[in-house]
Number of protein chains: 2
Amino acid sequence: MVEPLDPEMFDPVCPSSALPVQIGDKWTAMVVLCLEAGPRRFTELKTPLRGVTPKVLTQTLRAMERDGLVTRTAYDENPPRVEYELTPLGRSLLDLVAAARAWSREHLPALLEARAAHDSSPHASRLKRSPDSRA
Amino acid sequence: MVEPLDPEMFDPVCPSSALPVQIGDKWTAMVVLCLEAGPRRFTELKTPLRGVTPKVLTQTLRAMERDGLVTRTAYDENPPRVEYELTPLGRSLLDLVAAARAWSREHLPALLEARAAHDSSPHASRLKRSPDSRA
DNA sequence: CCGTATCCCCCGCGATACTG
DNA sequence: CAGTATCGCGGGGGATACGG
């Protein structure tokens, strides 16, 4: 058994909407991260992915299963238990997700700053005078 | 002056729709790639980005400008000339784009194969029998 | 050449409610 | 617990046409 997921592993304040990198669908990258340490149950995934509805999480997981990124294992028990686990192919995305997060950590502030500056000022478009042939 | 862009630098056959990585908007990553070697004009960008309408390309470039990824320089000439160029921040995306392309080269075939296999067969969901306590 | 201006469609995503 | 069923919207993206 692995450690429980941190319910706050995804900062809701973080403007990931501004993040110019997306892996698969909206929640795919986060699911990959949640599954990094080992298999997880449906409800277990829902916790850190605050706000995701069961419908959408199911859609995401089904799509990932279809693409060979995760396996779905249903245990014949009561109450029902279903576990999702990254395949090797799914694990191969971890590097990419890490790279995206590294970029964000390093450059997202600058991007956000540029955006704020641009929004709060009359966009001074650059104009270059072409080389004038006259003296 | 830099070399002209290869009109076929983006393979239309490549199912990039299946590619689970997206940088910014739909065309952002491709624009970044087009600007790698140096400044480019609007029409110059449109060529390899086959199918993009001027409206959408403008939207993309404006968004990138807002985020500090590109600079737009208009030359006071006739006919008009406008050049777009990557900022250092925009250049910082090159690594990420390269990483995404590397992942695709290495793993996209497997993903596509998994998808095809899944689509053309009754999805045999895994079922594990729970440890039976009876003898 | 370098864009704008409209119109419109699709669908990803969410809200809400219900079931084996 | 682990989903399914419905409904609906918002907006990214494309088609088409026009302007400085």
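Hydrogens, waters and symmetry mates play no part in the numbers below; they use all other heavy atoms, side chains included.
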K.L.:
Rounded to whole angstrom units, what separation is found between the CG atom of B:L57 and the P atom of C:dG3?
P.N.:
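Nearest whole value for this atom pair: 9 Å.
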K.L.:
So which heavy atom on A:G68 is nearest to which on A:L89, and how close?
P.N.:
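Distance-wise, the nearest heavy atoms are O-CB, 3.6 Å.
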K.L.:
Could you list where the contact with chain B starts and ends along DNA chain D, reading 5' to 3', using a 4.0 Å heavy-atom cut-off?
P.N.:
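Span of nucleotides near chain B: D:dG13 to D:dG20.
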K.L.:
Of all residues at least two apart in sequence or in a different chain, which pass the salt bridge (Lys or Arg N to Asp or Glu O under 4.0 Å) check with A:R66?
P.N.:
B:D119
K.L.:
Specify the separation, in whole Å, of atom CD of A:Q59 and atom P of C:dC11.
P.N.:
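For the pair A:Q59 CD and C:dC11 P, the rounded distance is 13 Å.
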K.L.:
Check the pair A:L61, A:E65 against side-chain contact (heavy atoms from CB on, under 4.5 Å), reporting the backbone distance first and the verdict last.
P.N.:
CA-CA 6 Å; A:L61 290 168; A:E65 196 187 0; over 6 Å; no
K.L.:
Looking only at heavy atoms, which two atoms of A:C34 and A:L5 are closest? And how far apart?
P.N.:
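Minimum heavy-atom separation between A:C34 and A:L5: O-CD2, 3.6 Å.
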K.L.:
May I have the distance from A:D25 (atom CG) to C:dC13 (atom C1'), rounded to whole angstrom?
P.N.:
10 Å
K.L.:
Would you work out how much the helix from C:dC1-D:dG20 to C:dG20-D:dC1 bends between its ends, with each end axis defined by five base pairs, to 10 degrees?
P.N.:
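Terminal axis comparison yields 50°.
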K.L.:
How many whole angstroms separate atom CG of B:D76 from atom C1' of C:dC2?
P.N.:
14 Å
K.L.:
Rounded to whole angstroms, how far apart are CG on A:L127 and C1' on C:dG3?
P.N.:
16 Å
K.L.:
Quick one: B:R72 CZ to C:dC2 P, roughly how many Å, whole number?
P.N.:
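So the CZ-P distance, B:R72 to C:dC2, works out to 10 Å.
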K.L.:
Just one of B:E83, B:M64, B:R40 clears the side chain to side chain contact (heavy atoms under 4.5 Å, CB included) bar with B:V70, so which one?
P.N.:
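That would be B:M64.
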K.L.:
I need the CD-P distance between B:E44 and C:dG3, as an integer number of Å.
P.N.:
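Atom-to-atom, B:E44 to C:dG3, this comes out as 13 Å.
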K.L.:
For a quick test of reading the model, state the closest non-hydrogen atom pair linking B:Y75 to A:L127 and the distance between them.
P.N.:
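Reported closest heavy-atom pair: C-CD1, 4.4 Å.
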K.L.:
So, for A:P48 and A:F10, which heavy atoms are closest and what is the spacing to 0.1 Å?
P.N.:
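What the structure gives for the nearest pair is O-CD1, 3.8 Å.
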K.L.:
Is a donor on one side and an acceptor on the other found under 3.5 Å between the side chain of B:R91 and the backbone of B:E36?
P.N.:
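Present.
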K.L.:
Quick one: does B:D6's side chain have a donor or acceptor within less than 3.5 Å of a partner on B:E8's backbone?
P.N.:
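Yes, the answer is positive, given that a donor and an acceptor are paired below the 3.5 Å cut-off.
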K.L.:
Which whole-number value in Å describes the distance from B:K26 NZ to C:dG12 P?
P.N.:
13 Å
K.L.:
Mapping A:P80 and B:R62 to their closest nucleotides on DNA chain C, which lands nearer the 5' end?
P.N.:
B:R62
K.L.:
For C:dC2, does either OP1 or OP2 sit under 4.0 Å from a side-chain N or O belonging to B:T43?
P.N.:
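Yes, such a contact exists.
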K.L.:
Determine: side-chain N/O of B:Y84 to OP1/OP2 of C:dG3, distance under 4.0 Å, yes or no.
P.N.:
yes
